[in-house]
There are 2 protein chains.
Amino acid sequence: MPALRRRGARSRGGTTSVQKDVVKQGDCIALMEAMPEASVDMVFADPPYNLQLEGDLLRPNNSKVDAVDDAWDQFDSFAAYDDFTRRWLRAARRVLKDNGSLWVIGSYHNIFRVGTALQDLNYWILNDVVWRKTNPMPNFRGRRFTNAHETMIWAAKDKDARYTFNYDAMKRLNDDLQMRSDWLIPICSGGERLKNDKGEKAHPTQKPEALLHRVIMAATKPGDIVLDPFFGSGTSGAVARKLGRHYIGLERDSDYIAVAKKRISQVQPITDMEMIDTPAKRQEARIPFGWLIEHGLLEPGTVLHGPDKRWRAKVRADGTLITADFKGSIHQVGAHLQGAPSCNGWSFWHVKADGKPVSIDVLRQKLRANLPKTLN
Amino acid sequence: MPALRRRGARSRGGTTSVQKDVVKQGDCIALMEAMPEASVDMVFADPPYNLQLEGDLLRPNNSKVDAVDDAWDQFDSFAAYDDFTRRWLRAARRVLKDNGSLWVIGSYHNIFRVGTALQDLNYWILNDVVWRKTNPMPNFRGRRFTNAHETMIWAAKDKDARYTFNYDAMKRLNDDLQMRSDWLIPICSGGERLKNDKGEKAHPTQKPEALLHRVIMAATKPGDIVLDPFFGSGTSGAVARKLGRHYIGLERDSDYIAVAKKRISQVQPITDMEMIDTPAKRQEARIPFGWLIEHGLLEPGTVLHGPDKRWRAKVRADGTLITADFKGSIHQVGAHLQGAPSCNGWSFWHVKADGKPVSIDVLRQKLRANLPKTLN
DNA sequence: AACGCTCTTGAATCACGTA
DNA sequence: TTACGTGATTCAAGAGCGT
């Protein structure tokens with residue numbers, strides 16, 4: 001039960017305290033209603049999509065697609081889904097700080113209803129952001145376009161809110177061009193995809209950490225609290241912890257909670273504030289340096305050195321480098337250290353791997369090979 | 001013997017006739033209500049976006065909605081926009097043929113409300129398609145992501161509609177990969193952008209012809225009728241005419257109508273069917289397997305084998321196959337042997353010719369080419 | 001170690017015509 | 001309206017395995 005407080009005493013920075021870095025089991029609406037109001041800086045929500053699947057779907061080779069048919073995704077009608085949506089969005093709005101913001105991810109099955117509800121509840125939409133998948137599932141029957149993206153809505157609490165947007169960090173993550181509303185990121189697979197002890201996927205819709213990296217870097221500051229009312233396998237919590245933010249996860253399913261807790265416990269937070277604070281080749285696909293970090297080819301805090309080890313700098317989470325007295329892009333820092341007018345950071349900087357220096361350009365090539373022609 | 005005929009030759013509704021290749025002036029809802037029902041094959045709509053800064057939103061009765069800045073008026077504005085949206089979508093649904101489809105383009109200001117209305121009116125969403133702009137307007141204040149895309153919703157009249165989708169044409173447009181739901185297309189500028197006699201742009205939101213080219217090629221056949229209830233500068237009409245389709249444009253503003261009419265009059269339609277027809281495997285003349293035997297391309301008793309020689313069957317004179325324990329069609333026997341729910345016998349079975357395996361589909365193509373064109 | 005090949009898999013509202 | 005037979009339909013990655 002929230003403490004009795006005077007109207008207007010609501011702080012913008014939180015005199016109220018809320019339990020941080022926890023996962024709570026239960027219905028997210030009830031759990032949010034029990035939280036103090038205006039207590040979190042950002043909400044990230046991956047609600048049920050309300051897919052309406054009828055029969056089985058077979059691939060051309062007659063194998064069956066493992067569909068999302070879990071009970072938690074079943075609703076009787078659009079009206080029921082709308083009611084659920086409005087209730088959790090209203091509860092989220094109450095616990096959100098006045099200058100916080102909210103992200104919701106969805107597909108065409110549900111995102112229009114979410115967006116309508118947001119607007120009706122007086123949220124103020126800032127962007128719709130398209131997550132373009134490098135490797136979506138194809139359309140097996142040839143009856144539609146390949147459903148190759150999902151949509152995120154980013155909204156402030158109201159029209160006049162002074163929400164956080166780390167414009168420079170985003171720009172640097174994108175090689176000094178403004179970050180656009182369409183993001184190209186692979187789906188979660190391979191080693192990142194959590195499995196249960198039977199080797200099955202632990203959660204049917206686990207989101208990639210690269211996606212959450214960009215969301216959290218864009219719209220929070222170190223120390224901020226990220227609330228995820230549909231915590232699932234805990235991607236938002238894991239990335240928040242890694243980036244020096246706090247998390248609160250709400251989840252009904254105890255199996256998912258166990259997976260998420262174990263996962264988060266293995267995350268090594270970046271404690272060096274310098275690494276995470278955010279004060280910001282033409283024919284081939286352009287790969288911003290920041291993408292190496294988003295995709296885990298470099299960890300924030302990694303030490304890079306120049307060709308002959310005279311020069312060193314550390315990698316920050318937003319894709320800039322930092323030395324004792326200077327920070328900037330890989331090119332700017334390289335030029336500064338050498339006292340040169342310019343420097344190609346891609347060829348200048350190296351990272352130690354198994355004792356041997358590896359050019360970061362090698363990492364770029366590796367990433368480029370993994371991000372196919374859909375880049376263009 | 002079944003007659004050789006094109007598959008999918010069903011009539012697409014339309015005993016009623018409708019005026020084609022015209023632009024009508026007036027309120028689109030009233031104009032659609034005056035049209036015969038089930039009379040157009042596709043609707044493309046670029047409705048007002050309800051940009052909240054513009055304040056020029058008109059209610060259904062054409063009264064102007066005052067500029068709004070508080071929550072109550074905002075709700076009033078959304079309600080008016082929703083009402084308008086539902087009315088024109090309902091009218092459009094009535095004039096759409098049962099197997100037609102509808103496209104609506106919008107931005108985050110209005111697209112969620114459009115999508116919700118579509119679902120509520122029992123339209124069946126097929127895809128949301130993202131138009132990624134190569135050259136969007138940058139974000140000048142640095143407070144959001146560059147708004148670099150718009151969203152189109154593609155919907156059928158209902159869940160069971162047999163809408164047109166030229167899968168093969170789309171695949172060829174995309175280097176023989178399935179067309180995805182994210183399209184990269186430049187905004188309309190340069191010579192394509194229509195100007196008035198003062199050199200100002202003739203319409204504020206003229207859409208690029210490349211966008212309409214892909215929409216119309218994807219979802220209509222030559223000779224189909226495309227209805228655009230917010231005709232504006234007439235991009236949909238110009239592209240429809242160019243591609244051998246018909247258009248119906250509805251528009252309130254007489255200046256826009258003048259621009260559109262002049263523009264369309266200058267379009268040279270492509271008359272060569274070879275240029276605009278989009279042959280699909282599904283629509284090719286059906287050749288029963290037995291014809292291969294009748295026409296001497298296969299002898300009764302010939303041994304067929306599967307892709308890897310594990311499976312064998314003999315051809316009987318009536319066009320069935322026989323194995324030790326089973327007989328049936330090429331499809332049934334292929335499925336039975338593999339223990340699969342189904343099998344495309346045309347691609348499964350091969351015959352030895354000069355020591356090399358030849359797919360029976362090759363024989364089918366040979367026969368199809370030799371049959372008189374008039375039957376095709 | 002480095003390839004090359006096969007097999008598996010991912011938030012999916014995934015036939016159609018004829019009798 | 002329903003039942004049934006034909007036959008159309010997949011892309012990018014990762015894992016595993018053999019050379």
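Throughout, a chain's letter reflects where its sequence line sits, starting with A, and its residues are numbered from 1. Only heavy atoms go into these numbers, but all of them, side chains included; no hydrogens, no water, no symmetry mates.
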By the 4.0 Å heavy-atom rule, please label [X] as base, sugar-phosphate, or nothing.
X: Pro208(A); value: nothing
X: Gly199(A); value: nothing
X: Asp46(A); value: base
X: Thr205(A); value: base
X: Gly191(A); value: sugar-phosphate
X: Lys207(A); value: base
X: Ile125(B); value: base
X: Glu54(A); value: nothing

Side chains of [X] and [Y], donor plus acceptor under 3.5 Å:
X: Ser359(B); Y: His350(B); answer: no
X: Tyr123(B); Y: Asp158(B); answer: no
X: Asn166(B); Y: Thr164(B); answer: no
X: Trp131(B); Y: Thr151(B); answer: no
X: Thr146(A); Y: Gln178(B); answer: yes
X: Asp128(A); Y: His149(B); answer: yes

Point to revise | Of Gly142(A) and Tyr49(A), the one whose closest DNA chain C nucleotide lies more 5' | key: Tyr49(A)

Study note, to complete from the structure: Between Cys188(A) and Phe140(A), whichever has its closest DNA chain C nucleotide further toward 5' is Cys188(A)

When the distance from [atom1] of [X] to [atom2] of [N] is rounded to whole Å, what number comes out?
X: Asp361(B); N: dT6(D); atom1: CG; atom2: P; result: 16 Å
X: Arg282(B); N: dG7(D); atom1: CZ; atom2: P; result: 13 Å
X: Asn62(A); N: dT9(D); atom1: CG; atom2: P; result: 15 Å
X: Arg162(B); N: dC16(C); atom1: CZ; atom2: P; result: 6 Å
X: His149(A); N: dC11(D); atom1: NE2; atom2: P; result: 19 Å
X: Arg59(A); N: dA12(D); atom1: CZ; atom2: P; result: 15 Å
X: Arg286(B); N: dT18(C); atom1: CZ; atom2: P; result: 9 Å
X: Gln206(A); N: dG14(D); atom1: CD; atom2: P; result: 14 Å

Practice item. On DNA chain D, check which nucleotide each of Met137(A) and Ser189(A) is closest to and give me the residue with the more 5' one. Key: Met137(A)

Which value, in whole Å, describes the distance between the [atom1] atoms of nucleotides [N] and [M]?
N: dG7(D); M: dC14(C); atom1: P; result: 23 Å
N: dA15(D); M: dA11(C); atom1: C1'; result: 23 Å
N: dT10(D); M: dC7(C); atom1: C1'; result: 14 Å
N: dG10(C); M: dT9(D); atom1: P; result: 25 Å

Whom does [N] pair with, Watson-Crick or G-U wobble, provided both distances fall under 3.5 Å?
N: dA11(C); value: none
N: dG18(D); value: dC3(C)
N: dA8(D); value: none

Side chain of [X] only, heavy atoms from C-beta on: which candidate in [options] is closest?
X: Pro60(A); options: dT6(D), dT9(D), dC14(C); value: dT9(D)
X: Asn135(A); options: dA11(C), dA13(D), dT9(D); value: dA13(D)
X: Arg143(A); options: dA11(C), dT6(D), dC14(C); value: dC14(C)
X: Ala67(A); options: dT9(D), dA12(C), dG10(C); value: dA12(C)
X: Gln178(B); options: dT10(D), dA8(D), dA12(C); value: dT10(D)
X: Thr134(A); options: dA12(C), dA13(D), dC11(D); value: dA13(D)
X: Leu57(A); options: dA13(D), dT10(D), dA12(C); value: dA12(C)

Point to revise | Charged tip of Arg252(A) within 45° of Trp72(A) ring normal and under 6.0 Å | key: no

Any side-chain N or O of [X] less than 4.0 Å from the OP1 or OP2 oxygen of [N]?
X: Tyr167(B); N: dT10(D); result: yes
X: Lys201(A); N: dG10(C); result: yes
X: His331(B); N: dG7(D); result: yes

Surrounding [atom1] of [X] (heavy atoms of other residues, nucleotides or ligands, distance under 6.0 Å), is the total greater than 12?
X: Arg312(B); atom1: CZ; value: no
X: Asp76(A); atom1: CG; value: no
X: Lys201(A); atom1: NZ; value: yes

Review point. What about Arg364(B), does its side chain sit under 3.5 Å from the base of dG7(D) through a donor-acceptor pair?
Key: no

**Study point:** Distance-only donor-acceptor test (3.5 Å): side chain Lys133(A), base dA11(C)
**Key:** no

Point to revise | From CA spacing to verdict: ring-ring contact (aromatic ring centres under 6.0 Å, His included), His336(B), Phe326(B) | key: CA-CA 8 Å; His336(B) 172 77; Phe326(B) 192 84; 3.9 Å; yes

Study note, to complete from the structure: Sorted by number, residues from residues 335-349 of chain B placing a heavy atom under 4.0 Å from DNA chain D are Ser342(B), Cys343(B), Asn344(B), Trp346(B)

